[in-house]
Amino acid sequence: MSEALLVKVGGSLRGAEALLSELAAYPGPLVLVHGGGPEIGAWLKRLGYESRFVGGLRVTPPEHLEAVEMALYLTGKRLAEGLSRRGRKALALSGRDALCLKGRALPGLGRVGEVVGVEAGLLLDLLEKGYTPLLAPIALDEEGPLNVNADTAAGAVAGALGWPAVFLTDVEGVYRDPKDPKTRLAHLTPEAVAALKEEGVVQGGMIPKVEAALFALRAGAPWAAIAKGERGVLEAVLRKEAGTRFTP
Ligand SMILES: Nc1ncnc2c1ncn2[C@@H]1O[C@H](COP(=O)(O)OP(=O)(O)O)[C@@H](O)[C@H]1O
Ligand SMILES: CC(=O)N[C@@H](CCC(=O)OP(=O)(O)O)C(=O)O
């Protein structure tokens, strides 16, 4: 049970003790990408800004970007400290560090982008030295930083590494009925996802997550999974006993 994994940690899981212990105890190599949606929302609100979402993505006018970055970086440092205190030395970075995430702006959403290049060598060097890299989803284009949905960033990083992507969130996977955990779908293919989207079963923040799982597969990840961030989840996902698993 020591497969290398790219794990995305959702902002909705911030500081969850059980999750930090789970990640710290995982015996294999990990690269982490974290979100911070709730923290970003809280900081923007304090500054008097309101967020608008299109297809699960936060429209980010240039004047919102500093607050987005500050909220993400604080979230990353807290996670890095929590993991390090539990014995897994973690470094909180973003795509601005060593220019490791190259981005491209998406039209009509302000400074929002997707990832078009990942400096995987940097991540592997850090792992080799015994550090667990933890990336905030900020990428760079020629004009500066871009706010990237953390699921999208995680999918791109998993693809570049060729590692499985595990998206940890606050639900046990993709549900047939979005409100009923008993309807968890254990396995999805790109065709099955297309049908679910058509039916409107995949909504809100689950849209970029499912898209990112499929993107990871197209980009080179052998499989991807969406699962609930709780103690024992990574082993359970590897045993195919938890989450929704995506295969090509
Ligand atoms: N079909 C579905 N199955 C499960 N959850 C869904 C579904 N459609 C929408 N959701 C919503 O997606 C949310 C997860 O996305 P999000 O809040 O962005 O998580 P995170 O912050 O971890 O990235 C769930 O809490 C749930 O409300
Ligand atoms: C463009 C875009 O939507 N960026 C996200 C980045 C953070 C994120 O994705 O955090 P979660 O994983 O907690 O949702 C945002 O601004 O909320």
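Numbering of ligands and ligand atoms starts at 1, following listing order. When a residue number appears, it is its place in the shown sequence, counting from 1.
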- Query: Step by step, would you call L19 with E230 a side chain to side chain contact (heavy atoms under 4.5 Å, CB included)?
  - Reply: CA-CA 5 Å; L19 177 66; E230 57 194 4; over 6 Å; no

- Assess whether side chain to side chain contact (heavy atoms under 4.5 Å, CB included) is satisfied between I226 and M206, documenting all intermediate values. CA-CA 10 Å; I226 296 175; M206 194 51 85; 4.0 Å; yes

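The contact set between ligand 2 and A150, taken as ligand atoms under 4.0 Å from a residue heavy atom, comprises 8 (C), 9 (O), 12 (O). Listed by number with element, the atoms of ligand 2 under 4.0 Å from a non-hydrogen atom of I40 are 7 (C), 15 (C), 16 (O), 17 (O). Per-residue contacts place D170 under 4.0 angstrom from the following atoms of ligand 1 (heavy atoms of the residue considered): 14 (C), 24 (C), 25 (O). Within the listing of ligand 1, atoms 1 (N), 2 (C), 8 (N) sit less than 4.0 angstrom from a heavy atom of V201. Less than 4.0 angstrom separates some heavy atom of T169 from each of these atoms of ligand 1: 14 (C), 19 (O), 20 (P), 22 (O). Within ligand 2, the atoms closer than 4.0 Å to a non-hydrogen atom of L57 are 3 (O), numbered from 1 in the order shown. The G37 neighbourhood of ligand 2 comprises atoms 10 (O), 11 (P), 13 (O), 17 (O), with distances under 4.0 Å to a heavy atom of that residue. Counting the atoms of ligand 2 from 1 in the order shown, those under 4.0 Å from a heavy atom of K8 are 11 (P), 12 (O).
Contact annotation: V68 has no heavy atom less than 4.0 Å from any atom of ligand 2. Contact analysis leaves G205 out of contact with ligand 2, as no non-hydrogen atom separation drops below 4.0 angstrom.
At distances below 3.5 Å, at least one donor-acceptor pair connects side-chain atoms of R58 with backbone N or O atoms of G37. Formation of a donor-acceptor pair under 3.5 Å by the D180 side chain with backbone atoms of D177 is not found in this model. Between the T244 side chain and the L185 main chain, a donor and an acceptor come within less than 3.5 Å of each other. A donor-acceptor distance shorter than 3.5 angstrom exists from the side chain of S84 to the backbone of A90, with no hydrogens or angles considered.
A salt bridge (charged side-chain N to carboxylate O under 4.0 Å, His left out) check over residues 59-80, counting only residues at least two apart or in different chains, returns the pairs E69-R96.
Of all the heavy atoms of N147, the ones lying under 4.0 Å from any atom of ligand 2 are found in both the backbone and the side chain. Of all the heavy atoms of N149, the ones lying under 4.0 Å from any atom of ligand 2 are found in both the backbone and the side chain. At a heavy-atom cutoff of 4.0 Å, ligand 2 is contacted by no atom of T60, backbone or side chain.
For ligand 1, the polar-atom distance check against P178 finds no nitrogen or oxygen pair separated by under 3.5 Å.
Compare K209, Q203, K8 by their heavy atoms: the one nearest to atom 9 (C) of ligand 1 is in Q203. Counting only non-hydrogen atoms, the option in G205, P208, G200, G229 that gets closest to atom 18 (O) of ligand 1 is G205. Closest heavy-atom approach to atom 4 (C) of ligand 1 within the set G10, G173, G204, P38: this belongs to G173. Taking all heavy atoms of K209, H64, R58, R111 into account, the minimum distance to atom 17 (O) of ligand 2 is reached by R58.
Atom CZ of R231 has more than 12 neighbouring heavy atoms from other residues, nucleotides or ligands inside a 6.0 Å radius.
Atom CD of E3 is separated from atom CG of L238 by 5.5 Å, given to the nearest 0.5 angstrom.
Through direct or indirect side-chain contacts shorter than 4.5 Å among Ile, Leu, Val, Met, Phe, Trp and Tyr, W43 is connected to no other residue.
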